[in-house]
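A short write-up of the structure that comes next.
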Amino acid sequence: MKLEEIKNGIILKETKDFDPVHIFECGQCFRWIKEDDGSYTGVAKGKVINVKKDGENIVIDNTNKEEFENIWYDYFDLGRDYTSLKKELAQHDENLKKAVDFGWGIRILQQDSWEMLISFIISSNNRIPMIQRAINNISEKYGKEIGEYRGRKYFAFPSPEELSKASIEELRECKTGFRDKYIYHTNKMVIEENLNMEDFIEMDSEVCHKELMKFKGVGAKVADCIALFGMRKYDSFPVDVWVKRVMQEFYGAEDMSLPKMRKYGMELFGEKAGFAQQYLFYYVRELEIGK
DNA sequence: TGTCAGGTCCTCA
DNA sequence: TGAGGACCTGAC
């Protein structure tokens, strides 16, 4: 990958397997908003940046070379060879090949484990715009102000200590709905047991999943999402309504319960189940297959 | 007005 | 174990 420094930003030259639309619209993140020019502005790691595709190049604004190497290279999972990963998945079966071809520019972001924990608790039985709004409300109210970009203020996601200042009622005011108490109790548990969510990254996948389910508001599906997007457990297989449809439409799992479907998906795609799930999810949701 | 959305929790058999 | 209902919220 060739990198060129420009004024207040960088250009990644001839970057394959990277499409901002696929990456930011495939359901893994909630803090990236589409600008009028088609670029995406988002908050991560306490910074605000803007990402856009310019032909074969990816332009990242409001950053520099040092920051890219220290932060964004890992965040965008640029150390992984998605070309060979996709090739391998495409060989698995015809449907997965179609899904991979469709969402060719997806990459699984390495996001913050604590932020993923709270974000996916909010995601349960919720809609994406509502989830985004609740997370923004929480960040504005309890997170640190990062700065301004294109005339808009941005806030970091609050730390467990910062968020612990919120009461259940105040969390409800952030439009989290009935998940207010889940967030409150989860936050409380993290503080009281002095947990560092980063430690979950080192855990074995099954242990990690089991430990995550101990938090209020975290069931099997939410635990899989947190593990996959925040803890690099790439063998996770989150089964939501869309993946359920995929498994029924494409993989003959008509009469399977959700736990069985999860297990089946993990067996089917093995250590790359999380990637398979992302391509399949994006494919069926965009095309509304099986709805 | 009723239904539904990226599920989880609680209750009861 | 597993099925069934309740649940914030707001868009259609």
Side-chain angles (χ1 to χ4, degrees), chain A residues 21-33 99 102-103 106 108-109 111 115-138 141 166-189 209-231 233 236-250 253-265 273-291:
Chain A
V21 176
H22 296 171
I23 291 171
F24 300 127
E25 306 280 355
C26 76
Q28 62 178 325
C29 52
F30 303 108
R31 304 208 64 195
W32 290 88
I33 50 165
F102 181 79
I106 290 175
I108 295 189
L109 301 171
Q111 301 182 79
E115 183 176 337
M116 291 301 100
L117 173 62
I118 301 302
S119 298
F120 279 96
I121 286 176
I122 295 170
S123 81
S124 82
N125 196 11
N126 209 347
R127 291 164 189 264
I128 291 173
M130 293 294 140
I131 303 166
Q132 290 172 326
R133 200 171 71 157
I135 295 171
N136 274 329
N137 289 341
I138 285 176
K141 202 162 174 191
S167 65
I168 296 182
E169 292 71 26
E170 287 167 327
L171 288 167
R172 174 69 63 100
E173 284 165 17
C174 292
K175 299 294 172 190
T176 54
F178 60 84
R179 309 156 197 86
D180 55 357
K181 52 193 178 297
Y182 300 158
I183 298 168
Y184 182 82
H185 289 298
T186 292
N187 196 158
K188 201 173 170 202
M189 192 166 148
H209 192 259
K210 221 168 137 184
E211 289 299 310
L212 283 171
M213 298 248 300
K214 289 181 180 171
F215 293 109
K216 277 272 182 293
V218 179
K221 187 267 173 182
V222 166
D224 276 321
C225 285
I226 299 165
L228 177 59
F229 303 131
M231 293 156 184
K233 304 298 178 223
S236 302
F237 194 74
V239 181
D240 55 45
V241 288
W242 291 103
V243 175
K244 183 181 165 192
R245 288 172 193 149
V246 171
M247 296 306 281
Q248 292 172 332
E249 288 273 324
F250 296 163
E254 284 86 0
D255 305 316
M256 228 177 255
S257 67
L258 255 36
K260 279 193 178 152
M261 232 177 243
R262 170 176 185 266
K263 194 159 170 278
Y264 181 45
F275 294 103
Q277 191 269 4
Q278 270 309 277
Y279 290 110
L280 288 168
F281 172 82
Y282 184 66
Y283 180 54
V284 293
R285 200 192 58 181
E286 292 296 306
L287 272 52
E288 300 201 327
I289 290 169
K291 194 177 177 183

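Values below: all heavy atoms of this structure, side chains included; hydrogens, waters and symmetry mates excluded. Here is how names work: the chains are called A, B, and so on, in the same order as the sequence lines, proteins then strands, and each is numbered from 1.
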**Study point:** CA sep, side-chain torsions, deciding dist, call: A:L212, A:M231, side chain to side chain contact (heavy atoms under 4.5 Å, CB included)
**Key:** CA-CA 11 Å; A:L212 283 171; A:M231 293 156 184; 3.9 Å; yes

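Look at the P atom in both B:dC10 and C:dC8: the space between them is 13 Å, to the nearest Å. C:dG2 sits 23 Å from B:dG6 when the C1' atoms are compared, rounded to a whole Å.
Contact annotation: the side chain of A:M189 never approaches that of A:K216 to less than 4.5 Å [non-hydrogen atoms, C-beta and beyond].
Whole-Å rounding puts the A:F229 CZ to B:dG6 C1' distance at 10 Å. Between the P atom of B:dG6 and the CZ atom of A:F178 lies a distance of 13 Å, rounded to the nearest Å. One can place CZ of A:R179 at 8 Å from C1' of C:dC7, the figure rounded to the nearest angstrom. Rounded to whole Å, atom C1' of B:dT8 lies 10 Å from atom NZ of A:K181. For the pair A:K216 NZ and B:dC9 C1', the computed distance is 8 Å after rounding to whole Å. Atoms CG (A:L258) and C1' (B:dG6) sit 12 Å apart, rounded to a whole Å. Taking atom CZ on A:R127 and atom C1' on C:dC7, their separation rounds to 15 Å, with Å as the unit. Between A:Y182 atom OH and B:dG7 atom C1' the separation is 8 Å, expressed in whole Å.
With B:dG6, C:dC7, C:dG10 as the choices, the nucleotide that has an atom nearest any side-chain atom of A:F120 turns out to be B:dG6. With C:dG10, B:dG6, B:dC10 as the choices, the nucleotide that has an atom nearest any side-chain atom of A:K175 turns out to be C:dG10.
Looking at which nucleotide of DNA chain B each of A:Q277 and A:G217 is closest to, the 5′-most match is held by A:Q277.
Note on A:V218: only backbone sugar-phosphate atoms sit closer than 4.0 angstrom, heavy atoms only; bases stay farther off. As judged by a 4.0 angstrom heavy-atom cut-off over every strand, A:G219 is placed among residues touching the sugar-phosphate backbone only. Contact annotation for A:I131: no contact, since no heavy-atom pair falls under 4.0 Å across all strands. Residue A:R172 is in sugar-phosphate contact alone, with no base atom involved, counting any heavy-atom pair closer than 4.0 Å across all strands shown. Residue contacts shown for A:Y282 are absent, as no nucleic acid heavy atom lies under 4.0 Å away.
Base pairing of C:dC8 is not made with any nucleotide, judged by Watson-Crick or G-U wobble geometry with both donor-acceptor distances under 3.5 Å.
Side-chain rings of A:F237 and A:Y264 stay apart, their centers remaining 6.0 Å or farther from each other. Aromatic rings of A:F102 and A:Y279 (six-membered ring for Trp) have centroids beyond the 6.0 Å cut-off, not under it.
The shortest distance between the side-chain N/O atoms of A:R133 and the OP1/OP2 oxygens of C:dG10 is below 4.0 Å.
The neighbour count for A:K141 NZ, taken as heavy atoms of other residues, nucleotides or ligands under 6.0 Å away, is above 12.
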